[in-house]
Participant: 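Can you read through this structure? Questions will come right after.
Keep in mind it's a predicted model, so treat the numbers as computed, not measured.
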Amino acid sequence: MRLGKKYSVLASGAAALLLISSVTPAFASTSEADLIAEAVEAVAPEALSAASVELEENTFRASLNNSSAVELPVDPVEGVTFSAHDDRSEVTVTLPGAQALKNATVANDGSITFAGDAHTAALNVLPAAGAVRFSTVIDSASQSESYSYDFGEAASVEIQDDGSVLVYAVDSTTDGATVETVVADVRAPWAFDANGAAVQTRYVADGSTLTQVVEHVGVDVAYPVVADPTFDSPLPLQSRVRFNRAETKTIYESGALGLGGIACGPMAWVCIAAAGVLVYNAGVAENSSPKMCTQVTLTSIPPTPIWWVDNYRGGPCR
């Protein structure tokens, strides 16, 4: 891989020693992996220290905060799996350019690199205590401007007002109401060139796929360009119930009594507690143009759970 400049090594000795002791020689650190990791560290706006990583059956495993975990297979085609809090909250994410990426190698800073080729950007992954940083390292204008992560058929990707992303997966569907759980919390994107200059970047959501667009072609940039989605540990047990059009209409027309015939699954107590606010929002949704649907979201942050109600379009709203 050609890199625009040579960087000083910014490595965590403790993490390196831990990985060297637990990784077999076949997957030991290479100079290419180190150069890619250095390129990321040179421009990353936040320093992250590698979490403890173990290699078992050709898969790197790291524990995150909130009892979450991440698994990175040596073969990039297998994708990366996040498991959050319990066995129900698990999602496997496909990696951009996986078919052309090389098998994983470990750098001295504890990050894991999937090297690319002349037409495929490398991917550097650093699992830390509370986040996992995915850094695309773009080496030339011949490499893509779009990098997609697919969270699977049951997932929905939603871009928030601040540019960050929440990924929900269907937990259950009961009598039309859809219960979903947050399986990924992705920070707003950033991209910098080798001189530390910002490069235009944004997220695009399409169903279960999150794409980071990096506008590096035809502009004055110093390669490599590093672009990053960082995945935080999923929010503590955040779930929501989304009512469809018929249910929203029932809640609006029948008031709190309308909730009696609608199952909210494991969030039934929240629907009862939020009954008045649900009826109000159902009225707003029913009288909007085009019509919307109502949803209630719960975040179990100790010591007091927090819930809120709002309206939405798309997804189960039909």
Side-chain angles (χ1 to χ4, degrees), residues 1-11 15-16 19 23 26-45 48 50 53 55 58-60 62 70 72-80 93-128 131-150 186 189-197 199 201 210-217 221-231:
M1 175 180 182
R2 175 179 57 80
L3 294 175
K5 58 189 283 191
K6 185 175 181 179
Y7 302 93
S8 60
V9 176
L10 302 173
L19 283 160
V23 177
F27 307 112
S29 174
T30 67
S31 58
E32 184 177 28
D34 288 333
L35 287 171
I36 292 170
E38 291 170 36
V40 175
E41 285 296 326
V43 299
L48 296 177
V53 177
L55 178 66
N58 286 338
T59 298
F60 295 102
V70 61
L72 297 94
V74 170
D75 183 353
V77 175
E78 296 180 27
V80 174
V93 187
T94 63
L95 300 178
Q99 296 290 343
L101 294 176
K102 299 176 184 177
N103 283 353
T105 56
V106 182
N108 284 328
D109 68 348
S111 64
I112 297 167
T113 290
F114 301 94
D117 56 30
H119 300 289
T120 306
L123 183 65
N124 177 266
V125 184
L126 191 148
V132 180
R133 186 174 65 203
F134 289 76
S135 300
T136 302
V137 182
I138 304 168
D139 195 38
S140 72
S142 65
Q143 295 179 344
S144 178
E145 289 192 306
S146 297
Y147 298 90
S148 296
Y149 300 81
D150 190 346
V186 187
W190 55 259
F192 295 100
D193 74 1
N195 293 329
V199 178
T201 185
L210 173 66
T211 299
Q212 182 174 10
V213 177
V214 186
E215 299 178 4
H216 67 93
V217 177
V221 298
Y223 292 99
V225 171
V226 179
D228 169 87
T230 294
F231 292 55

Participant: Output the distance between atom CG (Asn103) and atom CD1 (Ile112), rounded to the nearest 0.5 Å.
Facilitator: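 Here the rounded value is 12.5 Å.
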Participant: Any idea which heavy atoms bring Ala122 and Ala115 closest together, and the distance?
Facilitator: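 Scanning both residues, the minimum pair turns out to be CB-CA, 4.0 Å.
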Participant: Verify the ring-centre separation between Tyr149 and Phe134: is it less than 6.0 angstrom?
Facilitator: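 Yes - the distance between ring centres of Phe134 and Tyr149 falls below the 6.0 Å cut-off.
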Participant: Quick one: are Val214 and Val225 in side-chain contact, heavy atoms under 4.5 Å?
Facilitator: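 Sidechains of Val225 and Val214: in contact.
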Participant: Given side chains that start at C-beta, do those of Ser111 and Val125 come closer than 4.5 Å, heavy atoms only?
Facilitator: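 Contact flag for Ser111/Val125 side chains = no.
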Participant: Measure across Leu101 and Ala121 and return the closest heavy-atom pair with its distance rounded to 0.1 Å.
Facilitator: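 For Leu101 versus Ala121, the nearest heavy atoms are CD2-O, 3.3 Å.
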Participant: CD1 of Ile36 to CG of Asn124: how many Å apart, nearest 0.5 Å?
Facilitator: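 If I round to the nearest 0.5 Å, the distance is 7.0 Å.
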Participant: For Ala197, is there any backbone N or O sitting under 3.5 Å from a side-chain donor or acceptor partner on Asn195?
Facilitator: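 Between the backbone of Ala197 and the side chain of Asn195 there is no qualifying donor-acceptor contact (under 3.5 Å).
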Participant: Within a strict 4.5 Å, meaning less than it, do heavy atoms of the Val40 and Asp228 side chains meet?
Facilitator: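 Contact flag for Val40/Asp228 side chains = no.
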Participant: For Ala141 versus Val217, what's the shortest heavy-atom pair and its separation?
Facilitator: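 Between these two residues, the closest heavy atoms are O-CG2, 3.6 Å.
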Participant: So how far is it from Ile138 CD1 to Leu123 CG, rounded to the nearest 0.5 Å?
Facilitator: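 If I round to the nearest 0.5 Å, the distance is 11.0 Å.
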Participant: Can you tell me how far CG of Leu126 sits from CG of Leu48, rounded to the nearest 0.5 angstrom?
Facilitator: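 Going from CG on Leu48 over to CG on Leu126, the span is 6.0 Å.
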Participant: Would Ser144 and Ser146 count as having a side-chain donor-acceptor pair, cut-off 3.5 Å?
Facilitator: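 Looking only at side-chain atoms, Ser146 and Ser144 do not form any donor-acceptor pair under 3.5 Å.
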Participant: Less than 4.5 Å apart, side chain to side chain, heavy atoms only: is that true for Pro45 and Phe192?
Facilitator: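 They are in contact (side-chain heavy atoms under 4.5 Å apart), so the answer is yes.
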Participant: Glu78: which residues meet the salt bridge (charged side-chain N to carboxylate O under 4.0 Å, His left out) condition with it, sequence neighbours left out?
Facilitator: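 Glu78 satisfies salt bridge (charged side-chain N to carboxylate O under 4.0 Å, His left out) with no residue once adjacent residues are dropped.
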Participant: Are the side chain of Asp34 and the backbone N or O of Asn108 linked by a donor-acceptor pair below 3.5 Å?
Facilitator: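 A pair under 3.5 Å: yes.
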Participant: May I ask you to test the Glu41-Asp109 pair for a side-chain heavy-atom distance under 4.5 Å?
Facilitator: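 Contact flag for Glu41/Asp109 side chains = yes.
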Participant: Which atom names give the shortest non-hydrogen contact between Thr120 and Ala100, and what distance separates them?
Facilitator: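 Heavy atoms of Thr120 and Ala100 come nearest at OG1-CB, 3.3 Å.
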Participant: Could you walk me through whether Trp190 and Val226 pass the side-chain contact (heavy atoms from CB on, under 4.5 Å) check?
Facilitator: CA-CA 8 Å; Trp190 55 259; Val226 179; 3.9 Å; yes
Participant: Looking at CD of Gln99 and OG1 of Thr94, how far apart are the two atoms once the value is rounded to the nearest 0.5 Å?
Facilitator: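 Here the rounded value is 10.0 Å.
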Participant: What is the minimum heavy-atom distance between Arg133 and Ala44, and which atoms define it?
Facilitator: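 Closest approach of Arg133 to Ala44, heavy atoms only: NH1-CB, 3.6 Å.
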Participant: Quick check against the 3.5 Å criterion: does His216 have a side-chain atom that pairs as donor or acceptor with the backbone of Tyr223?
Facilitator: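 Checked: no pair found.
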Participant: Ala39 and Pro224: which non-hydrogen atoms are nearest, and at how many Å?
Facilitator: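 Here Ala39 and Pro224 meet closest at CB-CG, 4.0 Å.
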Participant: Tell me, do Gln212 and Thr201 make a side-chain contact under 4.5 Å, heavy atoms counted?
Facilitator: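 Yes. Closest side-chain heavy atoms under 4.5 Å.
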Participant: Would you say the side chain of Val80 lies within less than 4.5 Å of the side chain of Phe231, judging by non-hydrogen atoms?
Facilitator: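 Phe231 does not reach Val80 side chain to side chain.
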Participant: So Pro73 and Thr59, do their side chains get closer than 4.5 Å, heavy atoms only?
Facilitator: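 Thr59 vs Pro73: side chains touch.
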